[in-house]
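These values consider heavy atoms only, across backbone and side chains, with no hydrogens, waters or symmetry-generated copies. Numbering of residues begins at 1 and proceeds along the displayed sequence.
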Amino acid sequence: LRLQKEAGIGQWAPGMHIGLEHELVNDLDEYVDEPTYGLFGLTLSRQMSRNARLDVIYTLHHGLKGNRSHDTLVTSLSFAF
């Protein structure tokens with residue numbers, strides 16, 4: 001489930017996403033028995049112009065068995081041509 005506010009040029013748009021993620025094939029299953037994760041994320045986006053957008057996204061994956069957890073921070077700058 002993803003929720004994000006729409007915003008005009010020059011405005012910040014917050015958002016969030018939650019869900020489940022299941023890995024069908026993972027070579028690490030021999031070492032870590034964790035095929036299913038709960039997923040939570042926060043997003044902050046800014047439409048800088050008609051052709052440019054900045055996104056900052058934080059995502060947390062937490063194994064439902066509690067064997068594995070990891071988080072990521074992604075920053076991207078996108079341009080349309």
Side-chain angles (χ1 to χ4, degrees):
L1 173 65
R2 181 180 295 267
L3 302 171
Q4 187 164 3
K5 177 186 173 195
E6 291 294 325
I9 294 175
Q11 297 178 340
W12 289 98
M16 64 158 303
H17 55 277
I18 58 171
L20 290 174
E21 185 175 276
H22 181 75
E23 295 177 342
L24 298 177
V25 177
N26 185 348
D27 294 339
L28 295 176
D29 277 343
E30 296 177 19
Y31 306 103
V32 180
D33 183 24
E34 195 69 79
T36 307
Y37 295 87
L39 180 75
F40 174 75
L42 296 173
T43 303
L44 190 59
S45 300
R46 182 180 175 115
Q47 190 72 33
M48 299 169 64
S49 70
R50 289 184 56 205
N51 300 325
R53 178 182 174 108
L54 173 67
D55 293 298
V56 179
I57 304 164
Y58 170 77
T59 305
L60 170 67
H61 291 81
H62 187 74
L64 297 183
K65 294 180 181 179
N67 295 332
R68 192 170 173 202
S69 177
H70 59 88
D71 53 354
T72 57
L73 179 64
V74 176
T75 302
S76 67
L77 182 58
S78 307
F79 294 97
F81 298 99

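- To the nearest 0.5 Å, atoms OG1 (T59) and NE2 (H17) are separated by 3.5 Å.
- Linking ILVMFWY side-chain heavy atoms closer than 4.5 Å, directly or via other members, places W12 and M48 in a single hydrophobic cluster.
- Counting heavy atoms from C-beta outward, D55 and V74 have side chains that stay 4.5 Å or more apart.
- Residues F40 and D71 are not in side-chain contact: their nearest non-hydrogen atoms beyond the backbone lie 4.5 Å or more apart.
- With rounding to the nearest 0.5 Å, the separation of NZ in K5 from OG in S45 is 12.0 Å.
- Residues V56 and L42 fail the side-chain proximity criterion, which asks for heavy atoms closer than 4.5 Å.
- Side chains of Q4 and T43: a donor-acceptor N/O pair is absent below 3.5 angstrom, by distance only.
- By the 4.5 Å heavy-atom criterion applied to side chains, N51 and F79 are not counted as neighbours.
- For CD of E21, the number of neighbouring non-hydrogen atoms (other residues, nucleotides, ligands) closer than 6.0 Å is greater than 12.
- Y37 places a side-chain heavy atom less than 4.5 Å from the side chain of R68.
- When side chains are defined from C-beta on, L64 counts as touching L20, because their heavy atoms get closer than 4.5 Å.
- A pairwise comparison of heavy atoms in A52 and Q47 identifies O-NE2, 3.4 Å as the closest pair.
- The backbone N or O of G66 lies less than 3.5 Å from a partner atom in the side chain of E34, making a donor-acceptor pair.
- With values rounded to the nearest 0.5 angstrom, I18 atom CD1 is found 7.5 Å from L3 atom CG.
- Taking NE2 of H70 as the start and CG of L60 as the end, the distance is 8.5 Å to the nearest 0.5 Å.
- Without hydrogens or angle criteria, R46 side chain to G10 main chain gives a donor-acceptor distance under 3.5 Å.
- Both F81 and L54 are assigned to one and the same hydrophobic cluster, defined by single-linkage of ILVMFWY side chains at heavy-atom distances under 4.5 Å.
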